[in-house]
Amino acid sequence: MAIEFTKYHGLGNDFILIDNRSSSSPVITPEQAVQLCDRHFGIGADGVIFALPGENGTDYTMRIFNSDGSEPEMCGNGIRCLAAFLAELEGDSRKHEYRIHTLAGVITPELMANGQVKVDMGSPRLLASEIPTTLCPANEKVINQPLEVAGKSWDVTCVSMGNPHCITFVEDVAAIPLESIGPVFEHHPVFPQRTNTEFIQVVRRDYLKMRVWERGAGITLACGTGACASLVAGVLTGRCDRTATVELPGGCLQIEWSEINQRIYMTGPAERVFQGKYGV
């Protein structure tokens, strides 16, 4: 079976987009997604995103398989790419906003006139039971909690953006041995559903540098939900303002945690790379 696809990336976090509007189930299996994501023997990507019919009054449904075949609840860079892909599929320049059903709830991306995509990411979830993690009692927030990883104690703050994030602040993100320590964080027993891990360097109160180990994908050039979670952690620990630029290896995102409605807004690019057919 030949699969038609379009390749997009958000700050180097790249995805294979598949028009899945004719079916409510992904047209390929997680195992096939692993094959497509392989950078030597496949197309190469951090994940495969499916544009499915909407549910519960939404315009569309988003599902995503990571490069290891696992399925995350949501992906911030991915949903920006999906919004751009949907606009391309519809061919309607008048449509600028979509309500998209995800496993993390309804997310609303908006295509801006300047080519950027602004996403209403919803409100962060802060209780230990919502992350989930056993670092604190279920009804408490996980802020500056010590966590032993690889023989070292790290102060971590945990945030869920519909998917779990463990954030730690460091003096120099470039000095972190991400390849070796990222998997240890991801699979730490205090995270029953594993976790994304962000290492954050505060340059200014309105400017953060971030490196990320993504659950199910490893080192990526950008992570939208991670950037949102990191700003929240910075605010909770008194390190940054409620609006800041987050610099990732692939580029910058603008993140705002609204004081009015407590929702988080992420703005960044989504760029089309190429399209083709792949036999799976």
Side-chain angles (χ1 to χ4, degrees), residues 72-76 79 102-107 119-150 152-171 173 176 181-182 184-216 223-246 248 253-266:
E73 297 85 353
M74 223 285 286
C75 174
I79 203 164
T102 77
L103 295 179
V106 177
I107 307 293
V119 186
D120 178 349
M121 299 287 287
S123 299
R125 301 160 200 177
L126 304 176
L127 301 182
S129 60
E130 297 173 318
I131 306 299
T133 180
T134 58
L135 261 173
C136 285
N139 62 347
E140 291 185 9
K141 297 177 182 178
V142 185
I143 301 175
N144 277 337
Q145 287 295 311
L147 177 64
E148 289 286 332
V149 177
K152 178 181 176 181
S153 180
W154 306 76
D155 288 336
V156 303
T157 298
C158 296
V159 177
S160 173
M161 292 301 305
N163 56 353
H165 294 272
C166 174
I167 300 102
T168 185
F169 293 88
V170 298
E171 290 295 319
V173 289
I176 298 298
I181 202 165
V184 187
F185 270 93
E186 178 184 354
H187 295 278
H188 198 289
V190 300
F191 300 110
Q193 294 180 16
R194 300 186 292 159
T195 189
N196 300 279
T197 308
E198 287 79 30
F199 298 89
I200 305 297
Q201 177 183 339
V202 179
V203 179
R204 299 188 307 269
R205 291 190 62 84
D206 65 348
Y207 199 100
L208 310 176
K209 282 187 176 182
M210 168 180 150
R211 291 180 69 202
V212 59
W213 178 274
E214 288 199 53
R215 180 186 60 165
C223 176
T225 56
C228 295
S230 296
L231 179 113
V232 171
V235 172
L236 292 175
T237 59
R239 290 180 167 94
C240 75
D241 299 333
R242 297 183 76 98
T243 300
T245 297
V246 180
L248 306 108
L253 292 171
Q254 306 302 317
I255 310 295
E256 175 193 359
W257 186 14
S258 171
E259 201 160 11
I260 298 172
N261 61 15
Q262 300 302 309
R263 300 178 77 84
I264 298 183
Y265 298 91
M266 170 192 64

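Since this is a predicted model, take the numbers as computed values, not measurements.
With a 4.5 Å cut-off on side-chain heavy atoms, Cys223 and His165 count as touching. Within the 4.5 Å cutoff, the side chain of Leu231 has no heavy atoms near those of the Ile264 side chain. Annotation: side chain of Asp155 is not in contact with side chain of Gln145 (no heavy-atom distance under 4.5 Å). Side-chain contact between Thr197 and Phe191 is absent, with no heavy-atom pair separated by less than 4.5 Å. When side chains are defined from C-beta on, Arg194 counts as touching His187, because their heavy atoms get closer than 4.5 Å. Looking at heavy atoms from C-beta onward, Pro164 lies out of side-chain contact with Thr133 at the 4.5 angstrom threshold. When side chains are defined from C-beta on, Trp154 does not count as touching Cys166, because their heavy atoms never get closer than 4.5 Å.
Smallest separation of non-hydrogen atoms from Ser153 and Pro146: OG-CB, 3.8 Å. Minimum interatomic distance between Met266 and Cys228 (heavy atoms only, all atoms of both residues): CB-SG, 3.9 Å. The two residues Ser230 and Met210 make their nearest non-hydrogen contact at OG-SD, 3.9 Å. For the pair Ile107 and Asp120, the tightest heavy-atom approach, listed with the atom from each and the gap, is CG2-O, 3.5 Å. When every heavy atom of Asp241 is checked against every heavy atom of Val235, the shortest pair comes out as O-CG2, 3.5 Å. Minimum interatomic distance between Leu126 and Glu130 (heavy atoms only, all atoms of both residues): N-OE1, 3.2 Å.
Taken to the nearest 0.5 Å, the CG atom of Asp206 stands 13.5 Å off from the CD1 atom of Ile255. Rounding to the nearest 0.5 angstrom, the gap separating the CG atom in Leu147 from the NZ atom in Lys152 is 12.0 Å. Atom SG in Cys75 sits 12.5 Å away from atom CG in Leu103 (nearest 0.5 Å). Taking CD of Glu198 as the reference point, atom CD of Glu214 lies at 8.0 Å (rounded to 0.5 Å).
Atom CD of Glu259 is surrounded by 12 or fewer heavy atoms from other residues, nucleotides or ligands within 6.0 Å. Under a cut-off of 6.0 angstrom, the local environment of CD in Gln262 is crowded, with over 12 non-hydrogen atoms contributed by other residues, nucleotides or ligands.
Evaluation of the side-chain contact (heavy atoms from CB on, under 4.5 Å) rule for Ser258 yields Glu256, Ile260, Asn261, Tyr265 as partners, not counting sequence neighbours.
With salt bridges taken as basic N to acidic carboxylate O contacts below 4.0 Å, none links Arg215 and Glu186.
Proximity of a side-chain donor or acceptor of Arg239 to a complementary backbone N or O of Gln201 within less than 3.5 Å is not detected. Panel note: side chain Trp213, backbone Phe185; no donor-acceptor pair is recorded below 3.5 Å. Side-chain atoms of Arg211 never come within 3.5 Å of backbone atoms of Phe199 as a donor-acceptor pair (strictly under, hydrogens ignored).
Thr157 pairs in a side chain to side chain contact (heavy atoms under 4.5 Å, CB included) with only one of the listed residues (Ile200, Asn144, Thr168, Val232), which is Asn144.
Side-chain atoms of His188 and Thr195 include no donor-acceptor pair closer than 3.5 Å.
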